[in-house]
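The chains referred to below are lettered A, B, ... by the order of the sequence lines, with proteins before strands, and numbering in each begins at 1. Scope of the values below: all heavy atoms of this structure, side chains included, with no hydrogens, waters or symmetry mates.
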Amino acid sequence: MSAGEQTSSGYILHHLQNLTYGKMPGEDGWRLAHNAEEAAEMGFMAIHLDSMGWSIGLGLLFCFLFKMAANKATTAAPSGFVGFIELVIEFIDNTVKDTFHYKNKLIAPMALTIFCWVFMMNAMDLIPVDWIPQLVALITGDPHMFFKVVPSTDPNITLGMSFTIFFMMIFFTIKNKGFMGFVKELTCHPFAPPTKGPAIVLAPLMIAINFALETVSWIAKPISLGLRLFGNMYAGEMIFILIALMYGAGLAFGIFAGFLQLGWAIFHILVISLQAFVFMVLTIVYMAMAHDVDEH
Amino acid sequence: MNINLTLIGQSISFLFFVAFCMKFVWPAITNAMAERQKLIADGLEAADRASRDLELAQQKAMSQMAEAKHDAAGIIEQANKRANKIIEEAEVKAQDKAAGILTAAEANVEQEVNRAKEQLRSQVATLAIAGAEKILESSVDAAAHKVMLDNLASEL
């Protein structure tokens with residue numbers, strides 16, 4: 001805990017605030033936000049340095065590790081490290097082949113990137129919640145420095161990925177089914193509008209209903225994809241913070257909290273891999289839907 | 001919890017990492033894996049073929065060996081037969097030759113005896129005449145008694 005007089009809610013809120021660098025309205029211009037209100041005032045023209053930093057850092061680590069393995073991968077017997085990387089790749093490859101039966105060289109590498117990257121971002125949750133923020137406070141000399149370590153507890157990060165996937169879905173749908181195919185998908189499902197007979201007067205109504213339903217269903221995909229990951233990680237992080245709060249409540253509570261944290265962390269290993277896997281599988285499914293020309 | 005530029009930053013970095021993975025990581029590793037798989041499959045197949053070849057070669061060697069043994073036995077038998085035959089032939093030849101030599105010697109002896117008899121015969125007449133001349137002390141008509149003496153000689 002960074003300050004002696006801190007309250008529990010202050011501790012929790014401090015842990016849930018990103019290190020925000022943004023444009024303050026008014027004469028201040030671009031600077032770090034000093035509190036949650038300032039961060040909120042900055043609006044869209046701000047960036048979470050901690051989330052971005054960890055996310056890009058972990059992404060680079062992923063690239064570095066896999067590139068190293070790619071350089072070492074030969075037809076000779078793989079070493080332990082390369083063997084492990086190949087195991088991951090084989091797993092992803094099988095998962096993609098199970099779901100995605102079309103020709104697209106982007107999907108498998110994208111699935112690999114999502115799985116590994118999201119897994120690494122989630123795995124930051126297992127580091128005790130105060131270690132890195134305290135280290136940052138020590139280095140910068142500012143005990144009130146905001147610093148969130150788990151990028152996937154930031155909705156910007158998860159929604160940023162899910163909306164990128166959403167735009168890819170639209171792109172591949174138009175590419176594979178044509179623009180009219182895309183429009184048809186939005187307006188002719190789930191109720192097929194009548195094309196002949198007196199019922200044709202109902203067609204515009206059907207199209208309107210279809211469009212409303214399909215738009216919701218389309219928009220729901222990226223939002224549910226992003227928010228599912230965010231919600232799981234945010235809740236997990238919150239429980240870690242609450243457990244960490246108990247360390248300040250005496251020795252007996254501290255020991256109890258230690259066991260709780262251990263138990264939750266072990267359980268969380270399941271959650272972080274499962275969430276990474278779910279995010280990847282849903283992405284593959286959405287991509288397969290965008291390639292499925294013979295739908296309905 | 002505010003939605004801000006981080007969203008776009010994450011999108012861009014996501015696309016970048018996916019592109020990196022697609023260009024430098026995925027093809028290299030999957031190609032290496034596919035190649036290795038092929039190599040291992042080929043190796044196993046080659047090993048299989050080699051063991052099959054070995055078995056065939058062993059079978060062939062064994063059959064050749066058996067054949068060679070059989071041939072050798074035949075040759076030895078033939079050689080034995082031939083040797084026996086040669087010995088037999090030689091014996092027959094030797095006996096023939098001995099018999100020939102014996103007959104020739106017998107014929108020779110008979111010839112010698114005949115010649116000696118002939119000589120003796122021709123000389124008997126002369127001796128008889130000379131003896132008679134001596135006995136009679138007179139000249140005997142040789143021509144008149146020759147027929148008589150020749151008859152005497154042929155009786156010998």
* Asked: Is B:Trp26 atom CH2 crowded by more than 12 heavy atoms from other residues, nucleotides or ligands, each under 6.0 Å away?
  -> yes
* Asked: Got a sec: does the CD of B:Gln78 have more than 12 other heavy atoms crowding it under 6.0 Å?
  -> no
* Structure fact -> When every non-hydrogen atom of B:Ile29 is compared with those of A:Ala70, the smallest separation belongs to CG1-CA, 3.6 Å
* Asked: Could you give the distance from CG (B:Leu39) to OG1 (A:Thr74), rounded to the nearest 0.5 Å?
  -> 10.0 Å
* So do the side chains of A:Leu60 and B:Phe20 get within less than 4.5 Å of each other, counting heavy atoms only? -> no
* Asked: Tell me, do A:Cys63 and B:Phe24 make a side-chain contact under 4.5 Å, heavy atoms counted?
  -> no
* Structure fact -> Under 4.5 Å to a heavy atom of chain B? For A:Asn71 that would be neither
* Does atom CZ of A:Phe81 have more than 12 heavy-atom neighbours from other groups under 6.0 Å away? -> yes
* Structure fact -> Answer key: most heavy-atom pairs under 4.5 Å with chain B among A:Ala76, A:Ala36, A:Gly22, A:Pro151 is A:Ala76
* Asked: Below 4.5 Å, heavy atoms only, C-beta onward: do A:Pro78 and B:Arg36 meet side chain to side chain?
  -> yes
* To do: Enter the distance from B:Thr30:OG1 to A:Glu90:CD here, rounded to the nearest 0.5 Å.
  => 11.0 Å
* **Top contributor to chain A contacts, counting heavy-atom pairs under 4.5 Å, from B:Ala28, B:Ser11, B:Gly9** => B:Ser11
* **Between A:Ala40, A:Ala73, A:Ala108, A:Cys116, the one whose heavy-atom pairs under 4.5 Å with chain B are most numerous** => A:Ala108
* Asked: Are side-chain heavy atoms of A:Ser55 and B:Gln10 found at a separation under 4.5 Å?
  -> yes
* To do: Please determine, among B:Glu35, B:Met33, B:Lys23, the option with the most heavy-atom pairs under 4.5 Å with chain A.
  => B:Met33
* Which atom pair, heavy atoms only, marks the closest approach of A:Leu112 to B:Val25? -> CD2-CG1, 4.4 Å
* Is there side-chain contact between A:Met52 and B:Ser13, with heavy atoms separated by less than 4.5 Å? -> yes
* Is it the side chain or the backbone of B:Ile8 that comes within 4.5 Å of chain A heavy atoms, both, or neither? -> side chain
* Asked: What do the steps show when you test A:Ser51 against B:Thr6 for side chain to side chain donor-acceptor pair (under 3.5 Å), and what is the final call?
  -> CA-CA 8 Å; A:Ser51 298; B:Thr6 314; over 6 Å; no
* Please look at B:Leu15 and chain A and tell me whether the side chain, the backbone, both or neither of the residue comes under 4.5 angstrom of a heavy atom of that chain. => side chain
* **Choice from A:Glu86, A:Met168, A:Met110, A:Met161 maximising heavy atom contacts with chain B below 4.5 Å** => A:Glu86
* To do: Could you grab the distance from atom CG of B:Leu5 to atom NZ of A:Lys23, nearest 0.5 Å is fine?
  => 11.5 Å
* **pair B:Met22-A:Leu106: side-chain heavy atoms closer than 4.5 Å** => yes
* **Most contacts with chain B, counted as non-hydrogen pairs under 4.5 angstrom, among A:Phe163, A:Phe167, A:Phe66** => A:Phe66
* Asked: Is any side-chain heavy atom of B:Asn4 less than 4.5 Å from a side-chain heavy atom of A:Met45?
  -> no
* Name the orientation class of the two ring planes belonging to B:Phe14 and A:Trp117 (parallel below 30°, tilted from 30 to 60°, perpendicular beyond 60°). => parallel
* Asked: Do other residues, nucleotides or ligands put more than 12 heavy atoms under 6.0 Å from B:Glu77 CD?
  -> no
* Structure fact -> Turns out that what part of B:Phe17 lies under 4.5 Å from chain A's heavy atoms comes down to both
